[in-house]
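Computed from heavy atoms alone, side chains included, the values below leave out hydrogens, waters and symmetry copies. Since we're looking at a predicted model, the values are computed, not measured.
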Amino acid sequence: MTAPVKSAPRSDLEQAKKDAYDPVFRRIAVPSFASPIDERQHRKQRLAGAFRIFAAFGFSEGVAGHITARDPEFTDTFWVNPFGMHFGQIRARDLIRVDREGNVVEGEGPLNVSAFAIHAAIHEARPEVVAAAHAHSIYGKAWSAVGRLLDPITQDACAFYEDHIFFDDARVLITEASEGVELARCLGPHKAAILRNHGLLTVGQTVEEAVWWFVAMERCCQAQFLAESVCKPLQIDSSNARAARAVNGTPFIGWFQCQPLWDHIVRAQPDLLK
């Protein structure tokens with residue numbers, strides 16, 4: 001008789017999953033820069049690319065939506081899209097830099113008051129956050145009306161397990177600094193928020209990370225709608241959800257997952273770099 005196979009302890013399984021990726025990831029690193037000037041240009045180009053990626057996914061809707069990137073030198077300021085410009089047309093040189101008072105200190109174009117209220121508070125509360133993204137995507141805003149967190153029904157959804165919040169504010173519009181402060185307080189240390197009757201918000205230590213979490217979260221909303229339209233979905237248990245998040249929910253993985261999107265958009269639309 002064949003002896004039953006014993007399962008490895010949970011900690012060993014988590015480590016084994018991480019080790020499986022290490023040979024590849026050890027050869028890949030988030031870029032570093034010799035000067036803030038070089039890093040600023042990098043962030044602005046990635047930010048312009050982020051808007052093009054959002055446009056390609058259909059996340060643009062009228063004048064709604066904004067993505068920000070903290071300036072690497074003047075860290076109490078951030079770069080953002082000028083209000084009213086289509087995501088699909090934004091280039092690095094079109095971005096505007098905004099200070100903590102809401103003044104445009106570099107670039108030309110109007111500032112979205114909601115963008116300032118939301119992002120200024122998050123950048124102030126979270127020094128490690130380089131970028132934050134918000135848009136009125138279809139499935140994200142539909143799920144925001146359901147009034148629930150995402151469930152761990154797929155390994156992709158596990159990236160958000162115990163790492164996102166539901167911002168239950170009936171006012172919906174966020175235009176005042178105090179409202180942004182409350183959102184930042186509720187977000188706490190997490191990577192994402194579902195804003196009641198509004199949409200999704202994600203943050204990251206790089207522009208690419210924030211972008212990837214938004215794309216992934218939008219897809220997870222869509223997947224949950226599809227699954228629930230058929231039956232009550234199977235859920236991944238807590239220990240396995242946490243183990244999956246330890247692999248596919250880290251800042252590095254968020255950055256890495258976005259690299260194919262960046263490569264594709266910059267090859268198709270190189271004018272965004274200008």
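Residues that satisfy the salt bridge (charged side-chain N to carboxylate O under 4.0 Å, His left out) test with Glu176, not counting sequence neighbours, are absent from this structure. In this structure, the side-chain hydrogen bond (donor to acceptor under 3.5 Å, both in side chains) partners of Arg91, at least two apart in sequence or on a different chain, are Asp94. Arg196 meets the salt bridge (charged side-chain N to carboxylate O under 4.0 Å, His left out) test with Asp168; sequence neighbours excluded. Applying the salt bridge (charged side-chain N to carboxylate O under 4.0 Å, His left out) test to Arg70 and every residue at least two apart in sequence or in another chain returns nothing. Residues that satisfy the side-chain hydrogen bond (donor to acceptor under 3.5 Å, both in side chains) test with Glu124, not counting sequence neighbours, are absent from this structure. With sequence neighbours excluded, no residue forms a salt bridge (charged side-chain N to carboxylate O under 4.0 Å, His left out) with Glu209.
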For a quick test of your reading: what N or O donor-acceptor pairs under 3.5 Å do the side chains of residues 259-266 make, sequence neighbours left out?
residue: Gln259; atom: NE2; partner: Trp255; partner atom: O; Å: 2.8

Just list the side-chain donor-acceptor pairs under 3.5 Å for residues 267-274, sequence neighbours left out, or say none.
residue: Gln269; atom: OE1; partner: Arg52; partner atom: NH1; Å: 2.8
residue: Asp271; atom: OD1; partner: Arg52; partner atom: NH1; Å: 3.3
residue: Asp271; atom: OD2; partner: Arg52; partner atom: NH2; Å: 2.8

Listed pairs under 3.5 Å, donor-acceptor, residues 133-141 side chains, sequence neighbours left out:
residue: His134; atom: ND1; partner: Leu200; partner atom: O; Å: 2.7
residue: His134; atom: NE2; partner: His136; partner atom: NE2; Å: 3.3
residue: His134; atom: NE2; partner: His198; partner atom: NE2; Å: 3.1
residue: His136; atom: NE2; partner: His198; partner atom: NE2; Å: 3.2
residue: Ser137; atom: OG; partner: Glu218; partner atom: OE1; Å: 2.6
residue: Lys141; atom: NZ; partner: Glu61; partner atom: OE1; Å: 3.0
residue: Lys141; atom: NZ; partner: Glu61; partner atom: OE2; Å: 2.9

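Checked against a 6.0 Å centroid threshold, the rings of Phe214 and Phe59 count as neighbours.
For Asn112 (side chain) and Ser114 (main-chain N/O), a donor-acceptor pair under 3.5 Å exists by modelled atom type.
The environment of CG in Leu226 is crowded: more than 12 heavy-atom neighbours from other residues, nucleotides or ligands sit within 6.0 Å. Applying the 6.0 Å contact sphere to CD of Glu182 captures more than 12 heavy atoms from other residues, nucleotides or ligands. Dense packing is recorded around CZ of Arg126, with more than 12 heavy atoms of other residues, nucleotides or ligands lying under 6.0 Å away.
Hydrophobic cluster membership for Ile165: Ile118, Ile122, Val129, Phe167, Ile174, Leu183, Leu187, Leu195, Leu201, Val203 (Ile, Leu, Val, Met, Phe, Trp, Tyr linked by side-chain heavy atoms under 4.5 Å, directly or transitively).
For the pair Ala50 and Val207, the tightest heavy-atom approach, listed with the atom from each and the gap, is CB-CG1, 4.0 Å.
The list of ring pair (Phe, Tyr, Trp, His ring centres under 6.0 Å) pairs with a residue in residues 77-114, not counting sequence neighbours, reads Phe51-Phe87, Phe78-His123. Residue pairs meeting the ring pair (Phe, Tyr, Trp, His ring centres under 6.0 Å) criterion with at least one partner in residues 101-122, sequence neighbours excluded, are His66-His119.
Taking CD of Gln235 as the reference point, atom OH of Tyr161 lies at 8.5 Å (rounded to 0.5 Å).
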